[in-house]
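Here the structure is a predicted model, which means the values were calculated and not measured. By convention in this document, chain letters (A, B, ...) are assigned in the order of the sequence lines, proteins followed by strands, and residues within each chain are numbered from 1.
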Amino acid sequence: MADESALERERRSKVARWRAEGREPYPYSFPGRVGTDAVRAACAALPPGQDDPAHTPFRVAGRLRAIRQHGRTAFADLEDRAGELQLLLRVDELGETAYRGWLSDLDPGDLVGADGTAAVSRRGEPSLVVRTLTLLAKAIRPPPEKFHGLTDVEERIRRRYVDLLSSPESRALFGARTALLGEVRRYFDEAGFLEVETAVLGSVAGGAAAAPFVTRSNYTGSNLQLRIATELPLKRLIVGGLEKVYEIGKTFRNEDLDSTHSPEFTELEAYWAYADYHDMRRLLEGLFDRLSRRAPELLPDDPAVAKASALFRPPFPTMDFVEELERRSGITDLLSKSREELRALARAAGSTVPENSSSGTFLDKLFEHYVEPAIDRVTFVVDHPIATTPLARRHRSKAGRVERFEVFAPGFELANAYTELTDPDEQEKRFREQLGERGDDRYAFDEDFVEALQYGLPPTTGVGFGVDRLLMGLLGKPSIKEVILFPLVRPRSA
RNA sequence: GGGCCCGUAGCUCAGCUCGGUAGAGCAGGCGGCUCUUAACCGCAAGGUCAGGGGUUCGAAUCCCCUCGGGCCCGCCA
């Protein structure tokens with residue numbers, strides 16, 4: 001890569017030639033252009049082989065994808081965000097000198113503007129008969145091969161811009177991501193939730209069990225952590241009387257990247273005062289229903305999307321965590337098992353989690369082993385044992401359980417919701433229990449949060465879910481990297 | 001952290017099993033062609049075979065190490 005390729009030399013010499021002729025290969029602007037869809041629309045009324053008799057002028061701009069020369073006529077495909085449009089270059093329109101000049105100076109990948117009139121080719125392709133071309137930026141590097149594009153996963157991630165410029169499908173996918181996020185926002189807004197932004201940097205990352213990224217503040221002279229969840233600040237806002245809040249933002253966990261985990265991911269959490277987890281379930285079901293209808297509209301050409309998003313249409317099956325686990329594993333009386341017994345059962349199921357893990361971890365491992373592989377549709381798993389989380393409220397009728405549900409898609413967990421624990425004294429006790437059982441200082445005891453609860457947290461339900469995973473599920477993508485524009489990669493070796 | 005697999009021209013790939021000194025398509029160059037759309041036809045050009053080391057008369061090919069990536073497992077919500 002140190003030496004530029006012969007291709008680049010060739011393209012640079014074209015830039016030099018351009019400048020030598022007093023023309024700017026990288027102009028400042030190109031006002032007045034319309035989308036290629038406007039020209040296609042004007043072509044809709046024309047029969048094959050016909051130029052627009054009114055000669056209505058159009059100005060378009062975009063990237064050249066392919067150039068097909070036929071001696072005294074040539075075709076070029078111009079692509080903008082609205083789609084692709086065929087440019088028709090004729091010696092008769094441009095004159096011999098200009099025609100030859102353009103064909104020798106232009107390459108696939110160049111950004112060009114074109115002025116001309118609508119026409120439909122004899123083969124029926126909507127086209128623009130070009131009167132004037134303008135070079136808007138010369139591409140020194142050639143685009144990927146026109147048919148296969150960029151296929152190497154690493155290259156698609158490291159140079160996402162090349163993936164995007166060469167793949168309309170990729171652009172459509174990330175466009176759909178933004179549109180679906182907009183749909184999520186509208187849904188929560190319409191339901192009366194206030195979108196808020198809480199701090200990414202703080203002295204203690206809490207609300208989940210995960211290793212944080214640590215950074216340093218020059219101002220305070222102390223270490224700061226990047227948030228691992230937004231749960232605790234959002235509940236403080238409920239204490240503050242905001243009643244219904246949600247946040248969509250990046251959350252950071254200092255872990256490996258794999259097909260369902262990314263060290264930085266987009267999380268949505270929502271908290272709703274005076275409601276419980278049954279209400280939250282209904283709210284989420286409505287959201288899933290809406291997204292499952294929207295996704296195939298956004299990507300109508302992808303059959304995988306239609307199939308995957310159909311899984312997000314209600315009604316959803318419900319699984320009782322304890323009953324389902326007992327049924328599938330043959331274990332009886334699960335809730336009365338000691339930590340040692342749970343550890344032995346987890347080991348027997350093939351788990352290698354450390355000796356000193358908590359009861360909750362062993363229960364999670366058992367569920368993961370016996371139940372998760374059997375989940376083949378979007379499923380609500382409900383009423384987990386208390387030991388699995390310190391933040392959910394005890395179940396009002398099932399002993400030894402909390403009011404919690406998790407949503408599972410085939411292959412991964414999507415969402416986690418509770419009727420929140422609001423009693424400050426029990427919250428403090430539960431924090432201490434987890435801390436004591438695990439002896440792990442990553443479960444930082446957030447005293448200020450307990451103090452906030454002492455001012456009074458109304459009855460509240462809350463949910464958190466990974467937006468990237470939701471998109472994977474809706475769009476049928478097997479890897480989280482497919483739905484994140486710039487996933488973390490190691491630096492390339494020197 | 002463990003296992004398996006991959007890295008060849010700007011891009012997409014073949015060659016590696018069984019060692020003999022690198023091949024195609026696209027893109028680019030030159031020439032031809034007034035309706036193509038993965039346009040077509042002809043000619044010429046294009047390579048630190050990821051990097052380093054080893055075995056060998058000879059290494060893209062076999063062995064070892066390093067880097068980057070993929071998949072699975074582990075860890076981690």
Side-chain angles (χ1 to χ4, degrees), chain A residues 1-14 48-49 64-78 84-93 99 104 106-109 119-127 129 139-159 162-163 166 207-212 228-229 231 251 253-263 265 267 350-354 357 360-361 364-365 368 388-389 406 408 412-416 440 442 464-466 469 478-479 481 487 489-494:
Chain A
M1 289 287 266
D3 292 304
E4 64 180 11
S5 70
L7 281 164
E8 287 168 32
R9 276 199 302 279
E10 182 65 38
R11 286 176 176 227
R12 281 184 194 281
S13 77
K14 291 178 184 180
L64 281 182
R65 276 181 75 84
I67 301 166
R68 296 177 292 280
Q69 296 187 44
H70 285 263
R72 305 180 68 73
T73 200
F75 304 91
D77 296 328
L78 182 87
E84 214 173 54
L85 178 69
Q86 178 170 271
L87 304 181
L88 207 55
L89 282 69
R90 294 174 179 147
V91 156
D92 309 342
E93 304 284 348
Y99 177 81
S104 66
L106 289 180
D107 293 300
V120 174
S121 75
R122 278 173 227 163
R123 296 289 174 87
E125 182 72 28
S127 306
V129 178
I140 299 302
R141 290 172 184 264
E145 197 249 6
K146 62 188 169 191
F147 187 61
H148 299 93
L150 202 57
T151 63
D152 184 68
V153 175
E154 181 182 357
E155 286 303 312
R156 290 207 300 122
I157 291 170
R158 284 189 192 275
R159 295 190 290 172
V162 179
D163 174 41
S166 63
I228 58 174
E231 175 149 2
T251 296
R253 297 185 182 177
N254 207 336
E255 293 156 8
D256 284 356
L257 178 70
D258 67 26
S259 61
T260 55
H261 297 82
S262 172
F265 62 102
E267 203 202 7
S351 170
T352 58
V353 286
S357 299
T361 302
D364 280 340
K365 289 296 157 191
E368 205 173 279
T388 57
T389 172
E406 289 179 292
F408 281 88
F412 51 90
E413 186 208 339
L414 265 182
N416 185 21
D440 187 337
R442 279 179 307 170
F465 62 83
R469 286 188 179 183
S479 167
K481 299 181 197 87
V489 281
R490 292 168 192 273
R492 228 192 277 262
S493 60

Just compare [options] and give me whichever is closest to any side-chain atom of [X].
X	options	value
A:Leu150	B:U12, B:G70, B:G28	B:U12
A:Lys365	B:U37, B:C75, B:A27	B:C75
A:Asp77	B:C72, B:U34, B:U37	B:U37
A:Pro142	B:C35, B:A27, B:G69	B:A27
A:Thr151	B:G29, B:C72, B:C13	B:C13
A:Glu154	B:C35, B:G74, B:G68	B:G68
A:Gln69	B:C35, B:C33, B:A27	B:C33
A:Glu10	B:G29, B:U37, B:C11	B:G29

Can you see if the side chain of [X] gets near the phosphate of [N] - specifically, an N or O under 4.0 Å from OP1 or OP2?
X	N	result
A:Thr73	B:C35	no
A:Arg68	B:C40	no
A:Ser121	B:U34	no

What nucleic acid atoms does [X] come within less than 4.0 Å of, heavy atoms only: base, sugar-phosphate, or nothing?
X	value
A:Gly149	sugar-phosphate
A:Asp256	base
A:Glu406	base
A:Glu125	base
A:Asn416	nothing

- Message: Tell me which nucleotide, if any, is Watson-Crick or G-U wobble paired with B:G1 when both distances must be under 3.5 Å.
- Response: B:C73
- Query: According to the Watson-Crick and G-U wobble definitions, with both distances under 3.5 Å, which nucleotide is paired to B:G7?
  - Reply: B:C67
[X] [atom1] to [N] [atom2], straight-line distance once rounded to whole Å:
X	N	atom1	atom2	answer
A:Asp258	B:G70	CG	C1'	12 Å
A:Ile67	B:A27	CD1	P	10 Å
A:Arg158	B:G7	CZ	P	17 Å
A:Glu8	B:A9	CD	P	14 Å
A:Ile140	B:A27	CD1	C1'	15 Å
A:His70	B:C40	NE2	C1'	8 Å

